[in-house]
2 protein chains.
Amino acid sequence: MSFITDIMKTAEQVFIEFLKENNLSMTPQRKIIVETFLETEGHFSAERLCGLVKGKASEIGQATIYRTLKLLVDSGLAESIEVGDGSALYEHSYGHDHHDHLICVHCNRKIEIYDDAIEKRQEEVASELGFKLTRHRMYLFGICPECAGQES
Amino acid sequence: MSFITDIMKTAEQVFIEFLKENNLSMTPQRKIIVETFLETEGHFSAERLCGLVKGKASEIGQATIYRTLKLLVDSGLAESIEVGDGSALYEHSYGHDHHDHLICVHCNRKIEIYDDAIEKRQEEVASELGFKLTRHRMYLFGICPECAGQES
DNA sequence: ATCTCTGCAAACCTTTTGCATAGCT
DNA sequence: AGCTATGCAAAAGGTTTGCAGAGAT
């Protein structure tokens with residue numbers, strides 16, 4: 001069994017436990033949705049996931065997919081990125097370390113970034129104001145090297 | 001003429017110049033909308049601005065308000081904060097220094113924050129990856145001292 | 001005349017909800 | 001029975017667009 005399949009299995013277990021804790025159960029639909037979610041790399045929209053799921057099992061309704069996606073977020077398996085264009089993108093968060101995003105405003109490429117110094121200062125800034133930090137979102141927007149090169 | 005009115009006048013001038021540069025003109029509707037925008041402090045939604053504008057001139061359509069709000073953002077007078085709840089909030093950005101936001105997830109209070117060290121590292125992180133940074137958004141979410149106190 | 005500008009209403013688009021049915025336990 | 005779960009279709013909610021008329025130059 002490959003490493004990646006291994007991670008997926010574990011993630012699925014985590015999801016099943018989350019369901020149990022909330023008196024919910026793993027259903028065939030949820031199983032297909034979660035597996036599709038786990039197989040899909042990178043950042044994708046709910047709509048894209050709908051397409052992928054329907055490719056496997058077209059009888060699954062979009063409402064179920066949206067509902068399951070919400071469960072995935074609640075369970076901590078998924079995280080959503082909101083880049084202010086109306087719709088959300090999702091990505092895996094189980095077995096992935098926290099990171100922020102650097103986004104090319106030209107080609108829309110998204111790079112995951114992480115900086116210890118920033119994370120530390122965020123905590124400090126919040127606590128100086130008496131806040132207990134629970135989470136944060138940071139998006140850096142710029143022009144990536146490739147796009148800067150072609151200078152369309 | 002008070003200081004605040006002074007700033008407003010200048011801001012309005014900046015807007016008028018922006019309009020001119022784009023072959024647009026200052027109309028009575030835009031004037032009312034812009035002035036209402038400039039008078040309104042803090043973070044507010046498009047809907048809220050609509051209400052305020054309509055209070056002064058009920059005949060102004062919401063489409064015009066949305067269109068003008070977009071012009072305000074393009075002109076650099078307004079900035080939008082997108083906190084992933086579907087709708088955007090706006091705030092002044094003319095005569096205001098750049099800042100990020102610390103948001104209480106309990107009472108929704110928004111505090112403006114600024115940290116030199118973070119700003120500097122953002123630039124560095126981006127440039128290490130070959131990006132030319134154009135802007136960024138950072139939202140810190142946490143519990144404010146007041147809300148932590150009452151522990152509802 | 002030829003522009004932009006406006007208000008109205010309708011369209012949009014992603015996400016959510018209501019509801020009746022189906023499936024567990 | 002009494003739950004949760006599902007699919008469908010409709011609703012929601014914020015924002016945008018089409019359009020025909022009005023206004024400006």
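Residue numbers begin at 1 in each chain, while the letters A, B, ... track the order of the sequences.
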Can you tell me if the side-chain N/O atoms of B:Lys70 get under 4.0 Å from OP1 or OP2 in D:dT16?
yes
For B:Ala117, is there any backbone N or O sitting under 3.5 Å from a side-chain donor or acceptor partner on B:Asp115?
yes
Which nucleotide in C:dG7, D:dT16, C:dT15 has an atom nearest any side-chain atom of A:Ala46:
C:dT15
C:dT6, OP1 or OP2 - any side-chain N/O from B:Thr27 closer than 4.0 Å?
yes
Distance check: side-chain N/O of A:Thr64 vs OP1/OP2 of D:dT6, anything under 4.0 Å?
no
Return whichever of B:Ser58 or B:Asn23 has its heavy-atom-nearest nucleotide of DNA chain C closer to the 5' end.
B:Asn23
Round to the nearest Å and state the distance from B:Ile32 atom CD1 to C:dT6 atom C1'.
13 Å
Expressed in angstrom and rounded to an integer, what is the separation of A:Gln29 atom CD from C:dC24 atom P?
10 Å
Nearest heavy-atom approach of B:His92 to B:Leu38 is CE1-O, 3.0 Å
Nearest-nucleotide check on DNA chain C, A:Ser25 vs A:Tyr90; residue mapping nearer the 5' end is A:Tyr90
Gap between atoms CG and P, on B:Leu89 and D:dG14 respectively (whole Å):
12 Å
Measuring from the side chain of B:Ile60 (C-beta onward, heavy atoms only), which nucleotide among D:dA9, C:dG7, C:dC5 has the closest atom?
C:dG7
How many whole angstroms separate atom CD1 of A:Ile65 from atom P of D:dG7?
8 Å
Without decimals, in angstroms, what is the distance between B:Lys54 NZ and C:dT6 P?
13 Å
Minimum-distance nucleotide (side-chain atoms of B:Leu24 versus D:dA5, C:dC5, D:dT17)
C:dC5
Would you mind telling me which of D:dT6, D:dT15, C:dT14 lies closest to the side-chain atoms of B:Tyr66?
D:dT15
Contact class for B:Arg30 (heavy atom, under 4.0 Å): base, sugar-phosphate, or nothing?
sugar-phosphate
Any side-chain heavy-atom pair from B:Phe18 and B:Leu77 closer than 4.5 angstrom?
no
Is there a donor in the side chain of A:Glu119 and an acceptor in the side chain of A:His98, or the other way round, less than 3.5 Å apart?
yes
Atom pair distance, as rounded to whole Å: CD in B:Glu47 and C1' in D:dT15:
12 Å
Atom pair distance, as rounded to whole Å: CG in A:Leu19 and P in D:dT4:
14 Å
Rounded distance (Å) that lies between atom C1' of C:dT25 and atom NZ of A:Lys20:
15 Å
On a heavy-atom basis, the closest approach of A:Glu79 and A:Ser93 is OE1-CB, 3.5 Å
Which one, C:dA10, C:dG7, C:dT16, comes nearest to the side chain of A:Gln62?
C:dT16
